[in-house]
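Structure record follows, encoded as structure tokens.
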Amino acid sequence: MPLPYSPRFAYYDGKIQPSSSTSSFTTIDPATSQPLANIHTSTSHAVDAAISSASKAFPAWSSTPAIERARILQKAAAILRSRNDSLAKIETHDTGKPFSETSTVDIVTGADVLEYFANYVGGGGMNGETIQLRPDAWVYSTKNAVGVCAGIGAWNYPIQIALWKSAPCLAAGNTMVYKPSEFTPLHSTLLAEIYAEAGVPPGVFNVVQGGGEVGAYLTQHPSIAKVSFTGQVSTGQKVAASAAGGMKYVTMELGGKSACIILPDADIEQAVDGAMMANFFSTGQVCTNGTRVFIPSTLQSAFEKRLVEKMQYIRAGNVFDPATNFGPLVSKPHWEKVTQYIQHGINVDRAELLYGGASPPPWLASHPDQTYKNGYWVQPTIFTNCTDTMTIVREEIFGPVMAILPYTTVPEAISRANNTSMGLAAGVFTSNLNLAHKVIAQLEAGITWVNSWGESPAEMSVGGWKMSGVGVENGKRGLEAWTRNKSTLVEMGGVVGTVFAKL
Ligand code: NDP
């Protein structure tokens, strides 16, 4: 039987390259476990060819005036928006995320970032600075493209991650070889074709397909000048170590175990809404999720009562039903991992199960589409009265598992929130803005929110502290990560300070 989507191959020299592989694998629809498409793993020869294609394209693209690059990238953003729903449908099949989410978030936020960087470089974002040192001497600096860059994506926001990497990369005049996660590769060549349609020259954006070994081959390649990686801390450590050998620039967007702190004067309704967004959006598969929910003991019972009441608004099921807001996990291995964490929370950590659990969701048995029984569905789960030493509180689960941690004083909550090797995100819910700023200032995290969770607009630079990453994406600082600086001192009054003069 033919698969729903055409096979995916590498893409370089401005076209799909069907001869770039000798082996293939199948990508799966997580809602049903049905196959979607055959993906052809790129050989090392194909990765070399993709890098060579990017190297050949670099001189012309990097010397194209920024305003012309901007015009092309703006057109690509417009094409993305015009195809929002068809791309969202593909992302829903590939990731399992409900269409209500992919059609309003994934492509939209990717196109926003592309438009942002196009406008930014078109408006002078690549300009350097001039410093008048003395009347007859000054320093000027230029921002320069870095070269051929590798982009490695995770599976949770496939096209968004591809755009968050390629938008500033291309806007700054670099070229890219991008590898999607093997679990969610469908968007990759479609994005390459959209860039081509908008006028991005052949070789500027290239794609290779495959798993970790293809990513490792790509990132260690001597012709790669920069690696932008999104994924787990453990993989990021390997990629950063191999990049260090070649003195490559790196951006590392890694995992987290973020703290969502409900302060004593918080509005309970707001706090519950925030905690739910911070744990169950995208079935908990969001790097910034606030999985450690700190609640004052005095508010705990009111908070939990309202939280459990509101859990009925989580609607799993047909991922194309506009009312569905909770999909399956992305893959079988990830389903096994998350289910084991829930079992561990119950049996080993002995945390108190407030909602959900490790058994299949009750609605699955009566679902009209029998194929859904084979999908990677879990119940949204809440543990309460957790302690800081529990495994489910210490390790990133990357699934819909909330841990509620009661506390007595605000300094105690801050200190416990910071007691982790990771530092991706954090947030507070409060009616007291003075207190909010004081707490935020003490939290060891690169992305923080006050009375909100998860919004990550193009203008906001985001990146983790501690083991959660190196560098930032988006915002003005996000462009710097794709440039290298050259400073030039100009002297008009003769060589200054020479010691080699006649005595
Ligand atoms: P992984 O680290 O497993 O994989 C990430 C990417 O790296 C995939 O494309 C993977 O290929 C590839 N890869 C695997 N091994 C290597 C290697 N040795 N060299 C180069 N590339 C390699 O992460 P997941 O895909 O499981 O993503 C989930 C993780 O991503 C979570 O920890 C999450 O917190 C984090 N994340 C962080 C974000 C942030 O902005 N900070 C945003 C989104 C997610 P393949 O999948 O094909 O094996």
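Keep in mind that the numbers below use all heavy atoms, side chains included, and drop hydrogens, waters and symmetry copies. Counting convention: from 1, in listed order, for ligands and their atoms alike. Here the structure is a predicted model, which means the values were calculated and not measured.
Of the candidates G231, G446, G151, it is G231 that places a heavy atom closest to atom 29 (C) of ligand 1. Of the candidates V233, T235, V330, T235 brings a heavy atom nearest to atom 22 (C) of ligand 1.
Here K89 does not pair with D94 in a salt bridge; the nearest charged N to carboxylate O distance is not below 4.0 Å. Under a 4.0 Å N-O distance rule, the pair R83/E197 qualifies as a salt bridge. Residues R394 and D388 are not paired through a salt bridge, judged by the lack of any N-O separation under 4.0 Å between the basic side chain and the carboxylate.
Which parts of ligand 1 touch G255 is read off a 4.0 Å heavy-atom cut-off, strictly below it: atoms 32 (O), 34 (O). Close contacts of ligand 1 with K179, meaning ligand atoms under 4.0 Å from a residue heavy atom, involve 9 (O), 10 (C), 11 (O), 45 (P), 47 (O). For ligand 1, the atoms lying closer than 4.0 Å to a non-hydrogen atom of I152 are 6 (C), 7 (O), 9 (O), 12 (C), 21 (N). Against a heavy-atom cut-off of under 4.0 Å, V239 is close to the following atoms of ligand 1: 19 (N), 20 (C). Near N156, the atoms of ligand 1 lying under 4.0 angstrom from a non-hydrogen atom of the residue are 43 (C), 44 (C). Counting the atoms of ligand 1 from 1 in the order shown, those under 4.0 Å from a heavy atom of T230 are 5 (C), 6 (C), 36 (N), 37 (C), 38 (C), 42 (C), 43 (C), 44 (C). Atoms of ligand 1 lying under 4.0 Å from any heavy atom of W155, numbered from 1 in the order shown and given with element: 24 (P), 25 (O), 26 (O), 27 (O). Within ligand 1, the atoms closer than 4.0 Å to a non-hydrogen atom of G215 are 19 (N), 20 (C), 21 (N), numbered from 1 in the order shown.
Contact annotation for F398 and ligand 1: only side-chain heavy atoms (C-beta onward) come within less than 4.0 Å of the ligand. Looking at V286 against ligand 1, nothing comes within 4.0 Å, counting heavy atoms. When non-hydrogen atoms are compared, ligand 1 lies under 4.0 Å from the backbone of L254 (N, CA, C, O) but not from its side chain. Residue-level proximity to ligand 1 for E396 is carried by the side chain, the only part with a heavy atom below 4.0 angstrom.
At least one heavy atom of G210 sits closer than 4.0 Å to an atom of ligand 1. At least one heavy atom of F229 sits closer than 4.0 Å to an atom of ligand 1.
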Quiz item: Passes side chain to side chain contact (heavy atoms under 4.5 Å, CB included), L405 versus T384? Steps please.
Solution: CA-CA 7 Å; L405 297 133; T384 189; over 6 Å; no

Exercise. Check the pair H334, F183 against ring-ring contact (aromatic ring centres under 6.0 Å, His included), reporting the backbone distance first and the verdict last.
Key: CA-CA 10 Å; H334 193 56; F183 295 106; 8.9 Å; no

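The only option from K226, K165, E473 that meets the side-chain hydrogen bond (donor to acceptor under 3.5 Å, both in side chains) definition with T251 turns out to be K226.
The two residues I262 and Y407 have their closest heavy-atom pair at O-OH, 2.6 Å. Nearest approach of R69 to M126, heavy atoms of both residues: NH2-CG, 4.1 Å.
Looking only at heavy atoms of the protein, atom 39 (C) of ligand 1 is closest to C287 SG, 3.2 Å. Scanning the protein heavy atoms around atom 48 (O) of ligand 1, the nearest turns out to be E182 OE2, 2.8 Å.
Between the side chain of S258 and the backbone N or O of A425, at least one donor-acceptor pair lies under 3.5 Å.
Between H221 and Y217, the two ring planes are perpendicular [angle over 60°; tilted spans 30° to 60°].
At a 3.5 angstrom cut-off on N or O pairs, G153 counts as close to ligand 1. Polar contact with ligand 1: absent for S468 (N/O pair, distance under 3.5 Å). Note: an N/O pair closer than 3.5 Å links Q232 and ligand 1 by distance alone.
Judged by a 6.0 Å distance limit and a 45° cone about the ring axis, K97 is positioned over the six-membered ring of Y157.
Applying the salt bridge (Lys or Arg N to Asp or Glu O under 4.0 Å) criterion to E395, with sequence neighbours excluded, gives no partner residue.
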